[in-house]
Novice: 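Here it is, the structure, as structure tokens.
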Amino acid sequence: MEDHPGGFDLLVVGGGVIGLSVAWRAARRGLRTAVADPAPASGASHAAAGMLAPVSEVTYTEEPLLRLGLASLSRWPSFAAELAADGGLDVDYRADGTLDVAFGSDDLAALEELAVFAGGLGLPAEHLTGRECRRLEPMLAPSVRGGLLAGGDAWVDPRKVTAGLLTALERLGGVLARSRVTGLETSAGAVTGVRLACGTTLGAHRVVLAAGAWSGTVDGFPPEALPPVRPVKGQIVRLRSPAPLLRRCVRGVVHGSSVYLVPRGDGELVVGATQEEMGFDTRVTAGGLWELLRDARELVPGVTELELADVVAGLRPGTPDNLPLIGPTNVPGLFLATGHHRGGVLLAPLTAALCLGEADGDLSAICSPLRFQEHR
Ligand SMILES: Cc1cc2nc3c(=O)[nH]c(=O)nc-3n(C[C@H](O)[C@H](O)[C@H](O)COP(=O)(O)OP(=O)(O)OC[C@H]3O[C@@H](n4cnc5c(N)ncnc54)[C@H](O)[C@@H]3O)c2cc1C
């Protein structure tokens with residue numbers, strides 16, 4: 001690895017969608033920036049469906065998360081356009097909304113409540129009959145009884161996002177160290193850099209820990225600064241179709257669990273995702289795959305005709321309160337950007353802005369890592 005006298009202004013531990021977004025925006029601002037990761041873009045960000053869906057993901061107890069999601073969603077159009085310019089890759093940003101469908105009376109009632117809740121917040125959410133749903137998406141099952149169209153929701157292809165971020169970072173002079181971080185270097189209590197498994201030390205005034213589900217287990221960091229992040233396993237399937245089967249994201253509750261289908265412009269259809277508390281297990285199981293395909297077929301019977309392209313399992317970085325941890329820690333110079341759980345792709349633009357001090361102070365307070373550190 002090249003020598004970097006004077007070190008970096010900002011060094012990011014972890015090259016998933018979060019770490020790479022922070023690093024790209026920092027490099028864009030002219031900061032000397034590095035990312036350390038033995039396998040960038042291979043974690044949860046590789047598995048993710050890419051829904052940017054704060055409205056259809058919302059639950060009544062999660063208004064702070066909704067605020068973060070909406071703030072980040074509004075940044076996505078310019079984020080995607082600037083990334084396309086810097087990274088030379090179109091990330092397949094589409095804003096045709098999510099259609100949430102219901103089969104039974106309970107699910108219909110839940111969607112009606114969600115429509116009222118979203119309407120109360122001034123968010124676009126239109127209640128539809130089964131027939132109206134099928135008019136929008138003709139491939140939907142005849143048994144769909146109604147739905148909710150969250151017209152503001154969007155989606156991207158996360159694999160294109162991370163590929164674009166890696167190129168953009170490199171073009172702007174950012175450094176990618178393909179090695180695991182094995183320790184934090186400090187002097188008089190303040191951060192001076194990190195140690196890498198390859199034996200090198202990288203100097204940095206500011207270190208951002210963005211190691212996804214592994215953020216709580218990174219070696220050689222002060223234990224009190226490590227975040228309470230746990231892995232939440234998600235299995236997800238990619239199918240291939242000669243022509244797109246759907247125009248927009250479709251989701252619903254089948255056999256008691258939520259399933260969604262995300263169409264890509266090239267005919268790929270993503271079916272996700274399981275939610276499992278299995279530690280760091282990333283095996284794809286026959287049962288996981290079977291449940292996803294069974295539930296997807298209930299929503300859109302035609303999926304069984306499609307070619308199976310890819311099945312993976314990723315680890316979402318979950319937190320005790322489902323909110324991310326973004327901002328300074330008790331260790332001077334050490335920042336966190338982690339714990340994005342089900343919404344890391346959605347929250348990437350806002351996370352980068354928060355890390356660089358470019359976002360609203362109220363939003364920053366919601367995500368402060370100190371909410372856990374102060375209790376330790
Ligand atoms: C099946 C599935 C579907 C999802 N769908 C969506 C969706 O539709 N929309 C959405 O917004 N979100 C979705 N998510 C959530 C989203 O994927 C995550 O919130 C997001 O990818 C987290 O990004 P990250 O960069 O923090 O973590 P990751 O992408 O996991 O990256 C962490 C990186 O840290 C590196 N690392 C670990 N330890 C070290 C170390 N010691 N030194 C250096 N590097 C290290 C790893 O190699 C890895 O590359 C989904 C997740 C899953 C699993």
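Atoms within each ligand, like the ligands themselves, are counted from 1 in listed order. These numbers come from the heavy atoms of this one structure, side chains and all, not from hydrogens, waters or symmetry mates.
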Novice: For atom 19 (O) of ligand 1, which of the options H341, R342, M51, R316 provides the nearest non-hydrogen atom?
Specialist: H341
Novice: N/O of A44 under 3.5 Å from N/O of ligand 1, yes or no?
Specialist: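 Yes: some nitrogen or oxygen of A44 is under 3.5 Å from one in ligand 1.
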Novice: Can you find an N or O of L346 that's nearer than 3.5 Å to an N or O of ligand 1?
Specialist: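 So ligand 1 has an N or O lying under 3.5 Å from an N or O of L346.
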Novice: Go through the structure and list residues passing salt bridge (charged side-chain N to carboxylate O under 4.0 Å, His left out) with R297, not counting sequence neighbours.
Specialist: none
Novice: For atom 45 (C) of ligand 1, which of the options A211, C249, A41, G19 provides the nearest non-hydrogen atom?
Specialist: A211
Novice: For ligand 1, is there an atom lying under 4.0 Å from some heavy atom of G50?
Specialist: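 G50: in contact with ligand 1 (<4.0 Å).
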Novice: Please indicate whether R294 has more than 12 foreign heavy atoms, meaning atoms of other residues, nucleotides or ligands, lying under 6.0 Å from its CZ.
Specialist: yes
Novice: Are any of the N/O atoms on V218, whether in the backbone or the side chain, positioned under 3.5 angstrom from an N/O atom of ligand 1?
Specialist: no
Novice: Nearest protein heavy atom to atom 24 (P) of ligand 1, by residue and atom, and its distance?
Specialist: I18 CG1, 3.8 Å
Novice: Give the residue and atom name of whichever protein heavy atom lies nearest to atom 5 (N) of ligand 1, and the separation in Å to one decimal.
Specialist: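 For this ligand atom, the closest protein heavy atom is A49 N, 3.2 Å.
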Novice: Just go through Q275, R180, K233, H46 and tell me whose heavy atom is the nearest to atom 40 (C) of ligand 1.
Specialist: R180
Novice: Show me which atoms of ligand 1 lie under 4.0 Å from any heavy atom of V181.
Specialist: 40 (C), 41 (N), 42 (N), 43 (C)
Novice: Report the residues that fulfil side-chain hydrogen bond (donor to acceptor under 3.5 Å, both in side chains) with T129, sequence neighbours left out, ordered by chain and then residue number.
Specialist: E132
Novice: With a cutoff of 4.0 Å, is G343 in contact with ligand 1, counting heavy atoms of the residue only?
Specialist: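 The answer is yes, since G343 has a heavy atom less than 4.0 Å from ligand 1.
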Novice: For A273, take its heavy atoms, then give the atoms of ligand 1 lying under 4.0 Å from any of them.
Specialist: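 Counting atoms of ligand 1 from 1, those under 4.0 Å from A273 are 1 (C).
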Novice: Among all protein non-hydrogen atoms, which one is nearest to atom 1 (C) of ligand 1, and what is the separation to 0.1 Å?
Specialist: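 Its nearest protein heavy-atom neighbour is G234 O, 3.6 Å.
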Novice: Give yes or no for whether the N/O distance cutoff of 3.5 Å, strictly under, is met between P38 and ligand 1.
Specialist: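 No, P38 has no N/O under 3.5 Å of an N/O on ligand 1.
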Novice: Is it the case that ligand 1 has an N or O less than 3.5 angstrom from some N or O of V17?
Specialist: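 Yes, since at least one N or O of V17 sits under 3.5 Å from an N or O of ligand 1.
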Novice: Checking side-chain polar atoms at under 3.5 Å, does Q235 have a donor or acceptor matched by the opposite partner on E291?
Specialist: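 Short answer, no.
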Novice: Of all the non-hydrogen atoms in the protein, which one sits nearest to atom 21 (O) of ligand 1, and at what distance?
Specialist: S45 OG, 3.0 Å
Novice: Please determine if R248 and D153 form a salt bridge, counting it only when a charged side-chain N lies under 4.0 Å from a carboxylate O.
Specialist: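 So R248 does not pair with D153 through a salt bridge.
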Novice: Within the structure, is a non-hydrogen atom of Y260 found at a distance of less than 4.0 Å from ligand 1?
Specialist: yes
Novice: Quick one: look up the protein heavy atom nearest atom 47 (O) of ligand 1 and list residue, atom name and how far away it is.
Specialist: D37 OD1, 2.8 Å
